[in-house]
Amino acid sequence: MRGVRWRRAVSQAGRSLAVWAVSTLTMLVLAGILPDFRLQSADGDSATTIAVTAAVGAGVFGLLSALVWPLLVRLLLLVPALVLGLLVFFLNGSLLLIALRLTPSGQTEAAPETAVIVAAVMSAVASATGGALAVRDDDAYRRRLYRLADRRRRGGPPCAPTPGTVFLQLDGVGHDVLAAAVRDGLMPTVATWLGHPGPVPGPTAPPTHRLTPWHTDWSSQTGASQLGILHGSNHDVPAFRWYEKDSGEVMVSNRPTSAAELQRRAVERTGDGGLLTLDGASRGNLFGGGADEQALVLSIATRRRGRDTRSRAGYFAYFSDPANAVRTALSFVAEVVREITQSTRARLRGDRPRVGRGGLYPFVRAFATVVERDVVVAAVMGDLLAGRTAVYADLVAYDEVAHHSGPLGRDTAQVLGRLDRALALIEKAAEHAPRPYRIVVLSDHGQSPGETFRARYGLTLGDLVRAGCGLPVPRRAERTHSGAEARAAVRAALRRPVEEGGARHRPAGRRSEPIVLASGNLGLISFPDVPHRMTKEEIDARHPALLSTLANHPGIGFLLVRSEEHGGVVLGAYGAETPLDRLDDDPGPLAPFGPGAADAVRRTHSFPHTADIMVNSFLDPADGEVLAFEEQIGSHGGLGGAQSRPFLLSPLDLSAPVEDGAALTGAEHVHRVLRRWLRESDGPQIPLEPAPEERAA
C-alpha cells in the first residue's frame, strides 16, 4: 500500500513539475512577443536571471490560482452569470500582476491589458498540459474531475453498492432528429449505445440502450413536460404562459416566481417531493424534483439559502478552476462569432423562413450552448463521482439554437455533435464513479419547423383577435388580406354597412380588451373582466364575429372553447363544430393532428386555468410544418408535427418503458416509468408510497 501511495505521489509531483516548466516556457515566449510584458530590468539581465524570474513568476501565479481563485469565485456568485464570465479575464490578469510583483528581482512589468492576455494563455496551456499528462492515469483523471465539479460528499453516509441513475435531458431534441443524427454520424456516442454502425465500416458492438418515442401533452414545452417528469403532475399547465383570472397574473414557466408556484402546486397535488427526493441532484432544470442538491434550478432562484441549494451554486463548482473559466470564456466568444457568421450567411443566401437574430441573441445563444452546458456537465460529473443515487440535468443548447435557426440544418447539427461529446464525457466520468451508473437520455419535446404566423399573413394573432373583436388594429395589419377579411366579418356579424371614408366600428361600452398570449404555435385568448371561463355562447353574444374569424383563418387549425350545451367543443373552418365527447368517432378539425390529439385536448379542457379560447395553428401533414405565433422558425408548445414526439433512450438492463405495441403518452406517464426504474435499483431513492395514479391502477 505504501508503495502504491509513493508511486502516486511521485507521479503527481512529476506532472506538477511538468506543468510548471511549460508555464515558465510560455511566460518566456510571451515576454519575447508582447512589447508591454517584460521580465528584465531596463538595463538588461542575464538569461539565467530572466529564466529564474519566469520560473518564480509562473510558480507564484499557479499557487495564487489554486488558493485565491476559488475564494474570488465564491464571492462572485453574488453577481449575474454573464458578468461573472466577463470578469474571469480581468481577475486572472490581476493574479498575474500580483505574482509578478512577488518575484525576487522586482523588475518585471506588464500593462494591465497585457496581463489579461498572458494570464489567459498560461491558464489554457497549463490546463492542456495537465490534462495530456494525466490522460493515461485513471487516479489522476478522477482527481481532476473531482476538482472540476467540487462536489465531494463530505461527512455523508457511505456510497451504496446498488446502481445509480443519471437522467440527461436534451432539451427540444425530437425522436426523429435524434434518429437522423445517429444515422448521419453526428452523434457517435449515442450510435454506439444503440449498436448503430458508424460511418467507418467495421464490427459493431451490441447495443446497450433502446430508443423509445413518447407523446407529449397538448402543451409540448419544457414547463409542462419537466414538471410532469420530475414531480409527477403537470395538471393545470395549459401552455408555456397563460393568464389566471383568479389572481390576475400571467404565469410564465421560465419565470422564477411562476416556476416555484408550479412546483408547489405539483407537490401539493401528488403528496410527495418528486423523483429525486432522497439523495438526488437537480442540475440546470426549471424544477427541483425534490433533490437535496440543486444548482442552476429556476424554482429556487428567488430563495436566500445556503451555497449548496442556491440557483447559481453550480457556477462555483466550475469556475473555481481558472483554466476552466478561461476555456469557457474563450468558447463563449467563439460561439458569439459563430452565431454572427451563421446568421449573416443565412441573410445573404436569402434563407426562408428566417427570423431576426441580432441584438443580444448571439450572447444568449453562447450562454446556453457554452456556459450552461459546461457548468451543468461539470456538476453532473461531480455528482457521479460523489456517488449520488439519482441525477437529473437539462442541456438546453439545441432548443435555443433551433428556435432561431430551425430544427434541421447545419447550425443545429453542430450543436448535436457537441451534445454528444458531453454525453461521452459524462460516460467517462461514470467509469470512475464509486458505484455503477445507468445513463438515461430523454427529451421533453421536439420542435416543428415552419415560418411564423406574422411572416406569412402580415399580422400577429393579437392583431387578428382585435380585428375580430372590432377593436382598432395597427395600420400594417389593416392593409393585409387577413385584416380586411376580419373587419368584413365583424361588419357582417353586426349587420353594418361597408365602411366608407375610413370610419371604424368601435364596440359599445368600455369593456376590457382581451389578453392574447402565445406559446409556440399555441395561442391563448382570455377576457380579464369576466371572472369565469367564458362559454361559446357568451363569446358570440359579446363578439359575434370573433370565433368565426379565427376558425376560418387559413393559418389556424382549430379552436377549443367551453360550451353551455356540450360542455366543450372544437371549432374549425366552414362552421365545423365537434363536441369533445364525440371526437373519437368524428375528430373533425383534429383529424390532421393524428391519434392522441382528442385525449390531449379533452385533458386541457378540464384544467381550471384553461383560457377562454385556445387556438392551435394550422399543420401541414405533408412536411409537419406549423405556424408559430411567436418569432420562431422552430417552435413547440402546441399540437402538430415533431414537437409532440420526443424520445426516451434507456439501458437494456432496465425494464422496457412500455409493453410492445403500447404508447408512452404524457409527461406524467414518463414520470411513472422513471420511478419504476429507480425502484429496480433496490434503493429507497423515492417515497415508497405509490403515487395516486398507481394506486388507482
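Keep in mind that what you see is a predicted model, and the values were worked out from it rather than measured. This chain uses plain numbering: 1 for the first residue, then up along the sequence.
Counting only N and O atoms by type, the side chains of Gln414 and Gln342 include a donor and acceptor under 3.5 Å apart. There is a side-chain donor-acceptor pair under 3.5 Å between His445 and Thr222. In summary, the side chains of His605 and Arg533 do present a donor paired with an acceptor at a separation below 3.5 Å, with no hydrogens or angles considered. Side-chain polar atoms of Glu339 and Tyr361 form no donor-acceptor pair below 3.5 angstrom. Inspection of the Gln221 and Asp444 side chains reveals no N or O donor paired with an N or O acceptor under 3.5 Å. Looking only at atom types and distance, the side chain of Gln294 has no donor-acceptor partner in the side chain of Ser282 under 3.5 Å away. Side chains of His231 and Asp272: a donor-acceptor N/O pair is absent below 3.5 angstrom, by distance only. Remark: the Arg603 side chain and the Asn234 side chain contain an N/O donor-acceptor pair separated by less than 3.5 Å.
Counting only heavy atoms from C-beta outward, the side chains of Leu560 and Trp218 approach each other to under 4.5 Å.
The pair Arg265-Glu268 fails the salt-bridge criterion, with no side-chain N (NZ, NE, NH1 or NH2) lying under 4.0 Å from an Asp/Glu carboxylate O.
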Review point. Does the pair Ile613 and Ile539 meet the rule for a side chain to side chain contact (heavy atoms under 4.5 Å, CB included), with working shown?
Key: CA-CA 9 Å; Ile613 307 173; Ile539 296 171; 3.7 Å; yes
Check your understanding: Checking salt bridge (charged side-chain N to carboxylate O under 4.0 Å, His left out) for the pair Asp612/Lys245: CA distance, chi angles, key distance, verdict?
Key -> CA-CA 10 Å; Asp612 293 325; Lys245 292 187 174 185; 2.9 Å; yes
Check your understanding: Do Asp540 and Lys536 pass the salt bridge (charged side-chain N to carboxylate O under 4.0 Å, His left out) test, and can you show the C-alpha distance, the side-chain angles, and the key distance before you say yes or no?
Key -> CA-CA 6 Å; Asp540 283 339; Lys536 176 182 181 295; 3.0 Å; yes
Check your understanding: Which is it for Arg645 and Asp176 under the salt bridge (charged side-chain N to carboxylate O under 4.0 Å, His left out) test, yes or no, and what are the steps along the way?
Key -> CA-CA 8 Å; Arg645 188 177 165 89; Asp176 295 343; 3.7 Å; yes
Practice item. Could you check Ser644 against Leu639 for side chain to side chain contact (heavy atoms under 4.5 Å, CB included), going step by step and ending with a plain yes or no? Key: CA-CA 6 Å; Ser644 303; Leu639 286 175; 4.1 Å; yes
Exercise for review: Let me see the working for Arg365 and His404 under side chain to side chain contact (heavy atoms under 4.5 Å, CB included), right down to the final yes or no.
Suggested key: CA-CA 10 Å; Arg365 166 176 164 168; His404 295 80; over 6 Å; no
Review point. Taking it one step at a time, do Ser443 and Asp171 satisfy side chain to side chain contact (heavy atoms under 4.5 Å, CB included)?
Key: CA-CA 5 Å; Ser443 59; Asp171 205 302; over 6 Å; no
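In this structure a side-chain-to-backbone donor-acceptor pair under 3.5 Å is missing from Asp217 to Ser225. Side-chain atoms of Ser343 come within 3.5 Å of backbone atoms of Ile340 as a donor-acceptor pair (strictly under, hydrogens ignored).
Under the side-chain hydrogen bond (donor to acceptor under 3.5 Å, both in side chains) test applied with Asn521, the options Gln643, Gln632, Glu630 reduce to a single match, Gln643. Shown are His532, Arg562, His543; of these, the side-chain hydrogen bond (donor to acceptor under 3.5 Å, both in side chains) with Glu538 is made only by His532. Considering Arg347, Arg349, Arg354 as possible partners of Asp351, the one that fulfils the side-chain hydrogen bond (donor to acceptor under 3.5 Å, both in side chains) test is Arg349.
Counting non-hydrogen atoms of other residues, nucleotides and ligands closer than 6.0 Å to CG of Leu348 gives a total above 12.
Taking CG of Asp394 as the reference point, atom CZ of Arg283 lies at 13.5 Å (rounded to 0.5 Å).
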